[in-house]
Trainee: 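Please see the structure below; I have some questions.
Bear in mind that the values here come from a model prediction, so they are computed numbers and not experimental data.
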Amino acid sequence: HQQTMKKRRAFPVHIRWHDSCDLVVVSHPGSGTSEAFTRPATLETDRGKIPDPDRGAFWMRRGERLREDGEWTDARASAAEALPLVRGAPPLERLARLLARLRLFDEAMDAAGRLATEAPKAHAALMQSVEMREAALSTLDLASGDWTFKAPAGFEGTTIWVKVKDAKGDNIAAFKPTSGNTYHRGEIFTWRMAQLLGIEPLFPVTVRATLDKRGCDKLVSSLKNITYKGPKEQNRKRIIRACRDGELEGALKEWVQGFQFFGAIGKVQKLKKHSILKHLTRKGARPEKGKDIAVTQKTRYYKPDRCKQGTYKGVMDQALLARDLSDVLVMDVLNANEDRFPGANIEFKSISGQVKEPKDCVFDFGPSRLFSLDNGGTFKGAAYRSWDDLTKNLGISRFNRRTYLRLKALRGFARGEQGAPTFARRVGVRTVEDLSRFLCMDKPDDHRNRKQPPFRLFQTNLKKIVVYMDKLKDDKYAWF
């Protein structure tokens with residue numbers, strides 16, 4: 001493989017990197033001479049040092065290639081080498097994305113900050129990308145005075161969570177420690193597994209965050225100003241006591257705009273009556289790409305205060321909806337989600353994130369996609385509820401083939417039958433222990449309903465779903 005740099009007038013050279021032997025060839029078109037050397041860190045020629053932008057582009061492209069091949073450590077080193085050398089808006093944007101994908105979040109935000117001064121519009125677009133949203137969340141200092149917590153009032157359930165607000169009072173994120181029905185590491189697992197499977201748009205960006213004493217003081221202050229009823233009030237007091245130790249871990253989730261509950265499929269009985277279900281079974285007709293499904297949700301609860309009732313509308317592609325719903329239900333088996341249909345936890349979301357209001361209190365999402373906001377009711381016990389929903393109550397027998405192939409590869413890796421698949425190595429997973437850490441399943445907890453360690457439960461559920469899919473592998477009607 002070769003990577004060729006463009007010729008620059010100030011320094012007319014071509015640089016080619018041969019990754020098979022880690023050899024750099026620098027050719028001088030003017031004189032027709034070439035130099036070859038095996039230590040690319042120097043990038044020195046008989047004419048002197050190659051300009052920084054050329055060296056930066058070399059390291060960046062090398063990092064991209066190594067990441068694609070799953071060479072995580074070397075890719076991170078190359079991308080870090082490129083950071084001080086890269087100049088210009090397009091290269092900085094490209095480098096920031098690479099650094100974020102390599103989980104060098106501080107460095108990614110550094111590159112994005114330099115881009116903001118050179119090209120504000122490009123920076124704004126960059127920060128909407130999924131990798132940079134994760135970088136921004138991961139580098140958020142919750143103890144800083146720039147952020148405040150506010151506990152919401154009037155929400156049902158038993159989980160304690162707080163809004164994270166910036167200096168302007170805008171919602172930036174939600175912080176959710178383990179409480180009530182929520183296992184915060186289950187929220188993080190779901191996002192990380194979505195990254196492995198390539199289905200990130202279906203779930204909110206979620207990272208692990210630990211409050212220190214200053215952060216805990218801010219959290220306790222916000223919770224002291226509100227009271228709840230029943231078990232939720234007991235959980236509020238429990239979180240306050242836990243924070244007195246000066247440290248509290250939780251899931252930090254991005255604040256999502258432009259979504260609404262999808263009541264038409266929010267319960268098993270409702271989904272059974274919905275037209276989309278037949279497209280999730282091998283005997284049903286294949287869903288049609290480009291065929292629109294109109295979605296309407298009326299609500300008196302989740303709407304602006306000025307509206308007595310909000311009406312939310314969207315348009316969903318039939319084929320995309322069927323495939324997404326199949327993927328969400330598979331995820332529910334992997335994380336032993338017991339609250340999907342009991343809690344009506346299924347939503348639809350504007351793809352663009354923009355919401356129009358053509359009439360008073362009528363909100364149009366435009367093109368929309370399935371979304372799963374709440375993924376905390378997970379890993380309490382065996383996946384009996386989500387498994388029964390998938391196999392018996394709904395009879396799902398049509399799946400995303402890429403999801404199946406990746407799950408099968410993960411199972412073989414977890415059993416020691418093969419090495420880490422390339423898509424796992426691209427996020428730094430080379431051993432089963434790496435996988436456990438990446439999925440945030442590396443730390444046990446003392447939840448009273450946790451019957452076995454979460455990572456072991458995941459492995460059990462992974463085996464169940466792969467064996468189920470294996471029976472359909474030769475059935476051409478069973479795949480999207």
Side-chain angles (χ1 to χ4, degrees), residues 124-125 128-130 133 171 190 194 197-205 253-281 284-304 306-332 340-341 343-375 394 396 398-403 479-480:
Q128 295 302 312
S129 66
V130 64
R133 288 173 7 230
N171 296 322
T190 303
L197 299 181
I199 54 174
E200 298 99 316
L202 303 181
F203 304 92
V205 176
K253 304 176 64 172
E254 67 176 343
W255 192 262
V256 180
Q257 303 283 2
F259 79 97
Q260 187 52 260
F261 290 100
F262 197 170
I265 62 171
K267 298 289 185 179
V268 169
Q269 294 304 320
K270 289 185 176 182
L271 178 53
K272 283 183 174 181
K273 298 177 182 179
H274 198 281
S275 62
I276 197 64
L277 182 61
K278 63 184 178 184
H279 301 298
L280 273 74
T281 66
R286 291 189 179 277
E288 296 182 39
K289 185 177 181 180
K291 183 175 181 178
D292 291 340
I293 294 180
V295 181
T296 300
Q297 180 66 44
K298 296 182 178 180
T299 176
R300 294 181 179 272
Y301 299 101
Y302 305 100
K303 43 74 179 175
R306 60 183 171 82
C307 302
K308 291 184 177 180
Q309 175 177 280
T311 301
Y312 295 82
K313 297 185 177 183
V315 177
M316 308 180 78
D317 180 84
Q318 186 186 76
L320 189 58
L321 172 59
R323 190 187 70 193
D324 287 349
L325 184 54
S326 175
D327 279 333
V328 167
L329 294 174
V330 168
M331 181 69 80
D332 288 347
R340 174 67 61 203
F341 295 112
N345 287 312
I346 193 73
E347 295 85 21
F348 65 102
K349 179 179 178 291
S350 168
I351 292 177
S352 69
Q354 299 180 358
V355 181
K356 298 179 181 179
E357 190 176 359
K359 296 181 181 179
D360 189 38
C361 297
V362 175
F363 305 94
D364 186 1
F365 288 175
S368 303
R369 192 168 180 180
L370 198 71
F371 192 65
S372 174
L373 179 69
D374 187 354
N375 305 283
L394 299 173
I396 306 302
R398 182 171 285 158
F399 300 99
N400 183 343
R401 185 175 287 277
R402 183 179 68 171
T403 298
W479 308 100
F480 292 110

Trainee: Taking all heavy atoms of A285 and all of H279, pick out the closest pair and write down the distance.
Mentor: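 Distance-wise, the nearest heavy atoms are O-ND1, 2.7 Å.
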Trainee: When rounded to the nearest 0.5 angstrom, what distance separates CZ in R323 from CZ in R402?
Mentor: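 Going from CZ on R323 over to CZ on R402, the span is 7.0 Å.
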Trainee: Would you say the side-chain atoms of R286 pair up with the backbone N or O of W479, donor to acceptor, closer than 3.5 Å?
Mentor: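 Checking the backbone N and O of W479 against the side chain of R286, a donor-acceptor pair under 3.5 Å is found.
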Trainee: Between K253 (side chain) and L373 (backbone), is there a donor-acceptor pair under 3.5 Å?
Mentor: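 Here the side-chain-to-backbone pair exists.
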Trainee: How many angstroms lie between CG in L202 and OG1 in T190, if you round to the nearest 0.5 Å?
Mentor: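 Between atom CG of L202 and atom OG1 of T190 there are 11.5 Å.
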Trainee: Rounded at 0.5 Å granularity, tell me how far NE2 in H274 sits from CG in L325.
Mentor: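 Rounded to the nearest 0.5 Å, the NE2-CG separation comes to 9.5 Å.
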Trainee: Under 3.5 Å, is there a donor-acceptor pair between the side chain of E254 and the main chain of R133?
Mentor: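 No, because the side chain of E254 does not come within donor-acceptor range (under 3.5 Å) of the backbone of R133.
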Trainee: Please report the interatomic distance NZ(K291) to CE(M316), rounded to the nearest 0.5 Å.
Mentor: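 With rounding to 0.5 Å, NZ (K291) is 15.0 Å from CE (M316).
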Trainee: Let me check something: any side-chain donor-acceptor pairs from residues 358-372 under 3.5 Å, sequence neighbours excluded? List them with distances.
Mentor:
from, atom 1, to, atom 2, distance (Å)
D360, OD1, R306, NH1, 3.3
D364, OD1, G366, N, 2.9
S368, OG, G366, O, 2.8
R369, NE, D324, OD2, 2.7
R369, NH2, D324, OD1, 3.2
S372, OG, R340, NH1, 2.9
S372, OG, R340, NH2, 3.0
S372, OG, N375, OD1, 2.6

Trainee: Mark yes or no for whether D317, through its side chain, and G290, through its backbone, hold a donor-acceptor pair below 3.5 Å.
Mentor: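 Here the side-chain-to-backbone pair exists.
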Trainee: Test your reading of the model: is there a side-chain donor-acceptor pair from Q297 to the backbone of Y312, 3.5 Å cut-off?
Mentor: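 Pair absent, no side-chain N/O of Q297 close to backbone of Y312.
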Trainee: If you round to the nearest 0.5 Å, how far is NZ of K303 from OG1 of T311?
Mentor: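 Between T311 OG1 and K303 NZ, I get 11.5 Å after rounding to 0.5 Å.
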Trainee: Between L197 and D327, does the side chain to side chain contact (heavy atoms under 4.5 Å, CB included) criterion hold? Intermediate values first, please.
Mentor: CA-CA 9 Å; L197 299 181; D327 279 333; over 6 Å; no
Trainee: For residues 257-272, dump all side-chain donor-acceptor pairs below 3.5 Å to protein atoms at least two apart in sequence or in another chain.
Mentor:
from, atom 1, to, atom 2, distance (Å)
Q260, NE2, Y302, O, 3.1
K267, NZ, F341, O, 3.1
K267, NZ, P342, O, 2.9

Trainee: Can you confirm whether more than 12 heavy atoms, excluding those of Q309, are under 6.0 Å from its CD atom?
Mentor: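 Check passes, neighbour count above 12.
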Trainee: So which heavy atom on R398 is nearest to which on P287, and how close?
Mentor: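 Closest approach of R398 to P287, heavy atoms only: NH1-CD, 3.9 Å.
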Trainee: Within the side chain of S350, is there an N or O that forms a donor-acceptor pair under 3.5 Å with the backbone of V355?
Mentor: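 The answer is no, because no donor-acceptor pair under 3.5 Å joins these two groups.
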Trainee: Going by heavy atoms in the side chains, are V256 and V205 under 4.5 Å from each other?
Mentor: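 Contact flag for V256/V205 side chains = no.
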Trainee: Within this structure, what is the CG-CD1 distance for the pair L320 and I293, rounded to the nearest 0.5 Å?
Mentor: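 L320 CG to I293 CD1: 10.0 Å, rounded to 0.5 Å.
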